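The structure under discussion appears below in the form of structure tokens.
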There are 2 protein chains.
Amino acid sequence: MQNITVALDAMGGDFGPRVTVPAAVQALSHFPELKVVLIGDQNTITSQLSLLDCQPHSRLSIKHCDRVISNSEKPSLALRNSAGSSMRVAIDLVADDEADACVSGGNTGALMALSRFRLKLLPGIDRPALVSALPTATGKRTWMLDLGANVSSDADSLFQFAVMGSALAEEHLGAPARVAILNIGAEEIKGNDLVKRCAEMLSQTQSVNFTGYIEGNQLLQDSADVVVCDGFVGNVCLKTCEGTAQLFIDKLKTHMMASTIKGWIARKLFSELFSELKTLNPDQYNGASLLGLRGIVIKSHGSADVSAVVNAIGEALHEVKRQVPSRISDRLEAVLLERHY
Amino acid sequence: MQNITVALDAMGGDFGPRVTVPAAVQALSHFPELKVVLIGDQNTITSQLSLLDCQPHSRLSIKHCDRVISNSEKPSLALRNSAGSSMRVAIDLVADDEADACVSGGNTGALMALSRFRLKLLPGIDRPALVSALPTATGKRTWMLDLGANVSSDADSLFQFAVMGSALAEEHLGAPARVAILNIGAEEIKGNDLVKRCAEMLSQTQSVNFTGYIEGNQLLQDSADVVVCDGFVGNVCLKTCEGTAQLFIDKLKTHMMASTIKGWIARKLFSELFSELKTLNPDQYNGASLLGLRGIVIKSHGSADVSAVVNAIGEALHEVKRQVPSRISDRLEAVLLERHY
């Protein structure tokens with residue numbers, strides 16, 4: 001089995017090495033093909049490793065660096081001052097072919113700017129997009145993009161998101177993906193110019209299985225495999241979904257945690273339902289991909305816990321194995337050929 | 001007590017007179033000051049009235065018309081061919097001072113185009129906005145606008161939405177309203193040009209209590225009294241919220257409706273929880289207002305049931321009593337004075 005090396009920004013995320021170090025160790029035992037390079041402050045990392053009572057691991061190495069890009073830093077400034085930061089070094093390893101993928105829970109804007117600068121965009125792509133798989137009522141998943149890599153998009157970018165999302169989803173599904181555009185109505189006359197122009201382009205593209213518009217209330221209904229929208233809408237929409245789900249979960253939890261007879265009955269009656277509802281909160285998943293780059297970059301939630309970071313590493317492994325960037329590239333080439341001839 | 005006359009588009013909504021007629025009769029017994037003009041096909045309306053075994057009601061009248069604007073009709077076309085349609089006649093009654101407010105569950109785009117054409121905009125308003133009150137975790141409400149009256153907006157419009165929302169919310173709250181902009185992050189550097197420009201304008205306006213940005217996951221958290229966004233984002237976001245809430249409610253319902261001992265216990269002990277969760281679905285409320293017009297127009301959900309249409313009529317009454325259009329006008333004048341001097 002060939003090894004796959006993941007460069008893990010140990011300092012990224014709200015909890016830094018307290019979460020990333022145990023996640024790396026756990027991931028190594030989950031995935032026998034995995035090698036991890038932990039990037040960050042050597043002292044903090046080794047002290048976290050010693051807390052875990054972890055023996056020196058042949059597939060784990062540390063790359064020291066003493067700078068961290070903060071969450072409040074503007075992407076342009078972060079880019080300029082990135083030298084020697086854990087995020088920059090992690091992306092550099094991918095750019096220099098020393099790692100197969102990078103995982104970071106740090107500043108999203110900076111991660112995108114650095115990835116774009118060091119890894120470059122795939123031919124035919126104007127902007128990268130952030131994509132994540134949402135849970136649905138049927139147990140299947142729906143890939144949604146862009147989730148906020150860009151604050152505005154034109155129809156060409158939206159079209160490229162559809163092609164990229166399609167390629168990624170099909171690598172997971174092993175079957176053609178239903179691609180829909182998020183809109184304010186299902187009828188053709190609905191929506192702004194952006195979605196209408198993108199819909200027109202997708203309708204004329206045979207190699208993408210475009211199924212039309214869907215509305216916000218259909219997002220978790222397994223109405224499409226890929227949902228395309230601009231980054232502002234996608235980000236607000238995903239967070240709305242997460243916030244609403246969390247509110248309902250918290251209400252149920254309050255009843256289940258009550259130290260009364262009723263609470264005891266609630267725990268007996270609703271524990272299965274409670275677990276099921278938790279799986280329907282998109283926030284439970286982790287590992288959004290930055291698509292459109294000549295390399296694999298996974299954005300982990302800032303607030304991710306150990307098992308969530310392990311999931312993000314798992315997504316990185318999956319994308320390396322399925323060679324997602326070159327699949328996207330192939331798909332784009334086919335679409336461009338179809339559109340131009 | 002002075003009578004308040006509501007022109008009710010009897011043909012609007014998915015169920016037409018089957019819902020609007022019993023809703024009118026129920027509203028009349030709820031609100032002793034209410035007079036209703038039912039507008040639509042006289043035969044259908046009278047046969048619905050006879051089904052209700054309803055005596056001729058002194059505060060209920062019928063205005064016959066034989067045309068209906070369909071949901072699929074483009075607003076521009078609907079406007080041109082509106083003469084004699086139930087929606088047009090309802091708005092005409094308001095424009096001609098024969099009714100104090102209009103309620104319709106019909107085509108939103110057409111309702112907006114017709115209202116704008118017949119009622120005209122308030123001075124200082126470039127575009128009307130659709131506003132609705134969302135439930136929150138604390139039991140208080142948050143007014144959100146625009147929910148889709150416009151498919152795109154500029155910063156001036158967004159600013160006007162904030163002023164209008166503020167005036168409406170304060171009529172309900174009887175206190176200054178916290179006004180926030182929906183964005184993809186809470187930090188000042190986050191967002192697109194639209195929200196940044198609007199934030200700058202609001203920060204410079206003392207007569208609006210601008211509290212900054214909020215994210216999608218804070219929508220139901222009572223983080224603001226008024227949330228401002230463009231109509232595309234607002235519509236998608238509200239429907240996402242409704243869809244997620246409905247999915248969770250349906251899952252719980254399945255457990256509560258089970259014809260097992262477990263289901264029986266759940267129904268006996270947790271019906272209150274179930275009712276509480278239902279009140280957290282924005283879809284449970286009805287009666288979105290079209291703000292910015294020289295008259296009161298309430299959009300009822302297409303799928304609204306009898307009690308939901310009664311709620312929409314109640315909202316119309318409230319806005320008539322509080323003279324919402326002139327309150328908005330006063331507020332706008334104050335803001336414009338502040339900005340220009």
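In the text below, chain A, chain B and the rest are named by the order of the sequence lines, each starting its count at 1. Computation of the quantities below employed the complete heavy-atom set of this structure, encompassing side-chain atoms and omitting hydrogens, waters and symmetry-equivalent molecules. Here the structure is a predicted model, which is why all the values come from computation and not from measurement.
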Record all donor-acceptor atom pairs with a distance under 3.5 Å between chain A and chain B; write none if the list is empty.
residue	atom	partner	partner atom	Å
A/I184	O	B/K239	NZ	3.0
A/E215	OE1	B/K239	NZ	2.3
A/N217	N	B/K239	O	3.3
A/K239	O	B/N217	N	3.3
A/K239	NZ	B/I184	O	3.0
A/K239	NZ	B/E215	OE1	2.3
A/K251	NZ	B/E276	OE2	2.9
A/K262	NZ	B/L269	O	3.3
A/E276	OE2	B/K251	NZ	2.7

Practice item. Can you see which heavy atom on A/V195 is nearest to which on B/F232, and at what distance? Key: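 Heavy atoms of A/V195 and B/F232 come nearest at CG1-CZ, 3.8 Å.
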**Study point:** A/I184: which of B/V233, B/L147, B/V151 passes side chain to side chain contact (heavy atoms under 4.5 Å, CB included)
**Key:**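 Of the listed options, the one satisfying the test is B/V151.
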Exercise for review: Check whether B/L247 gets within reach of chain A through its side chain, its backbone, both or neither, counting any heavy atom under 4.5 Å.
Suggested key: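 B/L247 touches chain A through side-chain heavy atoms alone.
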Taking every heavy-atom pair that is under 4.5 Å apart, which of [options] has the most such pairs with chain A?
options: B/P75, B/A245, B/G231, B/G109; value: B/A245
options: B/G243, B/G216, B/G234, B/C229; value: B/G216
options: B/L252, B/L219, B/L238, B/L194; value: B/L252

**Study point:** Reported CZ-to-CG distance for the pair B/F248 and A/L273, which is rounded to 0.5 angstrom
**Key:**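 Answer for the CZ-CG pair, B/F248 versus A/L273, is 9.0 Å.
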Point to revise | Residue among A/L269, A/L182, A/I249 with most heavy-atom pairs under 4.5 Å to chain B | key: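 The candidate making the most pairs under 4.5 Å is A/L269.
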Practice item. Please state whether the rings of A/F270 and B/F270 are parallel, tilted or perpendicular, taking 30° and 60° as the class boundaries. Key: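 A/F270 and B/F270: perpendicular rings.
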